[in-house]
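These notes are about the structure you will find just below.
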Amino acid sequence: MPRFKLKLKKRPKTAKLENQDSGEVLMAPSLRMASGVPNYKVILCGEYGVGKSSIFRRFLNNTFVVADTKKTTIGLDQCTRSVDIGGTEVKLTLWDTGGMERMSFIGSSYYRGAHAALLCYNSNNKETFTILSQYILDIVMNAEGAKIFLCGNMADGSEDKEKVDDGDLESFMTECEDVLSGVYSVSCKDNLGLDEMFEDMAKVLHTDSLNRMTIRRDLIRPGETPELNEGSTGKKRSCC
Amino acid sequence: MSQECILSGMLSVTGKKVLHMDRNPYYGGESASLTPLDLVFKHFGKEPPKGDDVYGRGRDWNVDIIPKFLMANGQLVQLLISTGVTRYLEFKSVEGSYVYKRDGKIHKVPADEKEALASSLMGMFEKRRFRKFLQFVQEFDENDPAKWQGVDPNAMPAYKLYEKFSLDENTQDVTGHALALYLNDKYMNNPCKELISRCKLYSDSLSRYGKSPYLYPLYGLGELPQGFARQVAIYGGTYMLDKPNLKIRYDEQGKVVGVEDDKGDMARCDVLVCDPTYVPEKCKSIGKVVRAICILDHPIPNTKDAPSVQIIIPQNQVNRKDDIYVCVVSNTHQVCPKGFYLAIVSTTVETSSPEQELKPGLDLLGPILEKFVSVSDLYEPDDDGKESRVFITKSYDATTHFETTCIDVLQTYRRITGENFDPSKIQRQSEDGCQQEQQEQ
Ligand SMILES: Nc1nc2c(ncn2[C@@H]2O[C@H](COP(=O)(O)OP(=O)(O)OP(=O)(O)O)[C@@H](O)[C@H]2O)c(=O)[nH]1
Ligand SMILES: [Mg+2]
């Protein structure tokens with residue numbers, strides 16, 4: 001098994017995208033569940049076949065499926081897991097695209113309320129890397145304030161002239177200035193670097209959220225949000 | 001429109017293979033929210049303002065062409081929960097529900113006893129009678145004739161029920177239009193069963209989250225079709241957007257065999273579901289709706305600066321046959337930048353100068369910065385799909401909630417499958433998931 005080094009670049013500050021008339025940073029605070037454990041939404045982004053669902057599967061139940069190229073993801077698209085960051089428990093909810101990018105466009109709703117986007121590419125396929133600047137644009141437009149992380153998958157792959165090398169990475173990061181909050185290299189096949197990546201993202205997101213205030217408290221999700229009349233059916237409100 | 005999106009979702013979660021095609025390059029057709037703001041100007045054939053940032057940042061706008069609120073205890077909410085689509089969406093309550101009176105003032109429909117006592121909506125004695133009526137409605141049980149208090153819900157007309165509780169005309173208007181949400185007074189002679197269940201829906205919805213019975217999704221209604229589309233994708237369905245000039249192909253018996261795109265590629269199908277715009281020859285016009293989307297830089301006067309409200313103008317109060325509706329949403333629902341408000345005034349067209357008919361509603365808004373007016377035809381299918389296997393949904397009516405839309409959806413589902421939608425038949429995704437891979441076509 002090749003030795004694997006988790007790459008962790010210095011963590012640049014996220015560009016602050018500010019609402020012009022208020023100066024308030026529009027970003028979803030973590031959704032605190034009844035348990036009080038903060039929960040961060042992380043969306044997977046990247047081209048068809050770079051291994052987003054494989055990352056999702058590692059996160060979900062630590063499995064890896066070798067599939068021929070004809071097959072594509074159908075199944076769950078959302079999974080929450082607790083991550084321990086130095087004694088503190090936080091939750092990450094990872095979202096897969098459900099294969100929408102394959103059939104049509106993903107749509108703005110996928111990005112809503114995301115605290116972070118994990119930009120994925122295949123380290124052995126430069127095209128999947130060069131196209132990422134377009135994804136950054138979508139993320140910045142639709143998930144304002146979300147932190148962006150970069151993940152090169154298939155680090156197990158053979159040396160290839162198509163390989164994305166350090167030079168490519170450097171120039172990409174210069175080009176994107178300071179928008180990246182973390183850069184990782186992983187292999188879903190060999191299960192390398194994934195847990196470290198999830199833990200590091202959780203750490204970055206949690207540290208960041210501690211410095212923010214909650215601006216979206218009164219959200220309602222039918223079926224999940226506790227209702228007023230629960231347990232007190234005896235004295236229902238009526239309108240007069 | 002969004003009925004097709006809901007149906008795609010319902011059909012795919014109950015095991016049907018769905019291909020969803022749309023002539024537009026986005027999800028949801030007319031129920032999509034327009035963004036950025038320039039697109040709204042273009043949609044209505046207007047020139048966007050030249051100066052920069054007159055209306056803040058363009059992409060902070062998500063404008064619904066047809067605004068509707070969800071009843072917190074209504075059928076759409078049930079469908080969102082049973083199909084699992086609710087996890088893609090976030091809602092906030094609408095702050096207040098108001099009703100217009102002949103005197104030209106708007107009054108809050110009380111949300112609790114305290115508000116009811118303070119309300120100037122009706123006099124003291126009327127309040128007591130009204131309260132009795134509401135108690136009756138709340139305790140009414142269709143299956144328990146002992147509690148009917150001599151009311152036969154299937155026989156007694158609605159107006160008789162009002163008479164029984166001695167409610168005056170004004171209170172009847174509030175009840176029938178602001179609570180039961182009837183569009184006009186045709187219900188008066190129908191059995192009162194429906195009036196009772198509609199009032200019940202209102203108060204059950206109100207008791208869920210408190211401020212009003214209405215919910216509205218963050219970022220606008222365009223999130224709904226996207227949520228359903230996503231669920232369809234997860235269940236193995238396929239979406240094809242941006243497919244103009246689709247042609248529907250039939251066999252000799254007039255049964256649908258497939259849909260052909262402009263390149264001549266044919267997708268075969270046993271059943272086709274679509275809105276009237278795809279099959280005008282199979283539909284009939286049943287009227288028109290006029291809507292004005294207004295941009296304001298202030299909340300609606302006399303609403304205690306509420307960031308979102310619904311105002312209902314009962315037809316009687318302004319000598320019309322159909323109610324006028326005003327829906328207001330703003331930055332708290334993430335549909336426009338801070339400091340702006342979106343107000344949509346709509347009604348069923350009765351005369352040859354439709355815009356003029358909106359005046360009582362427009363007059364409530366105060367100064368209007370920008371106004372986009374449109375008149376749209378309402379269509380209804382003229383083909384029940386039995387022979388053709390083409391199932392057509394109805395156009396969105398003038399109501400500002402989804403209850404009539406959901407009835408259409410549930411009926412269409414039944415027409416297609418021959419059975420009622422049964423959430424217990426939904427094939428849940430396994431928790432250790434991902435074994436469910438499927439062959440791509
Ligand atoms: N060698 C190698 N193959 C991998 C790795 N990760 C994923 N794959 C393979 O790459 C293929 C595509 O992976 P997916 O996870 O389905 O990719 P995706 O981005 O989710 O693609 P779609 O959902 O189909 O758009 C599969 O055949 C995986 O087995 C890896 O780390 N190394
Ligand atoms: Mg996938």
Side-chain angles (χ1 to χ4, degrees), chain A residues 19-22 24 26 28 31 53-54 56-57 60-61 63 65 67 69-79 95-110 112-113 141-142 144 216 218-230 232-233 236-240, chain B residues 26-27 35 53 56-57 59-60 72 77 80-81 86-93 109-113 116 119 127 130-131 134-135 138 179 202-203 206-210 215 218-219 223 226-227 229-230 233-236 238-241 337-339 429 432-440:
Chain A
N19 187 326
Q20 285 157 340
D21 47 42
S22 67
E24 176 191 8
L26 282 174
L31 296 167
S53 303
S54 303
F56 182 77
R57 258 180 225 117
L60 178 74
N61 54 9
T63 54
V65 184
T69 45
K70 276 271 152 85
K71 286 192 177 170
T72 188
T73 320
I74 291 171
L76 289 173
D77 67 337
Q78 182 194 28
C79 170
W95 287 69
D96 193 3
T97 57
M100 300 268 295
E101 75 280 16
R102 177 180 33 89
M103 29 178 247
S104 272
F105 86 120
I106 290 182
S108 47
S109 110
Y110 180 60
R112 306 290 191 204
M141 295 275 277
N142 295 304
E144 224 171 331
R216 308 200 311 165
D218 45 353
L219 289 180
I220 292 170
R221 201 167 264 165
E224 291 170 26
T225 308
E227 293 165 14
L228 284 176
N229 58 359
E230 238 172 46
S232 63
T233 26
K236 266 197 178 172
R237 278 167 188 240
S238 73
C239 43
C240 270
Chain B
Y26 49 83
Y27 297 104
T35 183
D53 292 347
R57 205 172 49 181
R59 62 186 166 88
D60 287 339
V77 169
L80 288 170
I81 295 171
T86 181
R87 66 204 173 110
Y88 304 127
L89 303 165
E90 285 165 335
F91 293 89
K92 278 189 183 182
S93 279
V109 180
D112 53 37
E113 300 262 339
S119 172
K127 268 181 200 164
F130 189 42
R131 204 167 141 183
L134 290 172
Q135 261 163 8
Q138 202 53 55
L179 262 51
Y202 188 96
S203 66
L206 179 63
S207 69
R208 285 210 141 187
Y209 306 110
L215 300 180
L218 291 196
Y219 308 102
E223 300 294 291
Q226 288 190 53
R230 204 166 163 68
I234 303 268
Y235 278 80
T238 304
Y239 263 76
M240 289 182 177
L241 299 179
K338 276 213 171 107
Q429 308 291 318
D432 56 348
C434 301
Q435 286 100 351
Q436 297 166 0
E437 307 257 346
Q438 242 182 44
Q439 205 71 31
E440 196 184 356

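Basis for what follows: all heavy atoms, side chains included, without hydrogens, waters or symmetry-related copies. Proteins get letters first, then strands, A, B, ... in listed order; numbering begins at 1 in each. Everything numeric in this text was worked out from a predicted model, so none of it was measured.
Residue L80(B) does not touch chain A at all, counting heavy-atom pairs closer than 4.5 Å. Both the backbone and the side chain of S93(B) come within contact range of chain A, with heavy atoms under 4.5 Å apart.
Taking T35(B) as the reference, nothing meets the side-chain hydrogen bond (donor to acceptor under 3.5 Å, both in side chains) condition, with sequence neighbours excluded. Not counting sequence neighbours, the partners of S54(A) by the side-chain contact (heavy atoms from CB on, under 4.5 Å) test are R57(A), F64(A), C188(A).
Under the 6.0 Å cut-off for aromatic ring centres, F91(B) and Y209(B) do not qualify, their centroids lying 6.0 Å or more apart.
A salt bridge between E223(B) and R112(A) is present, with a side-chain N of the basic residue lying under 4.0 Å from a carboxylate O of the acidic one.
Each of P222(A), C79(A), S108(A) has some count of heavy-atom pairs under 4.5 Å with chain B, and the biggest count is that of P222(A).
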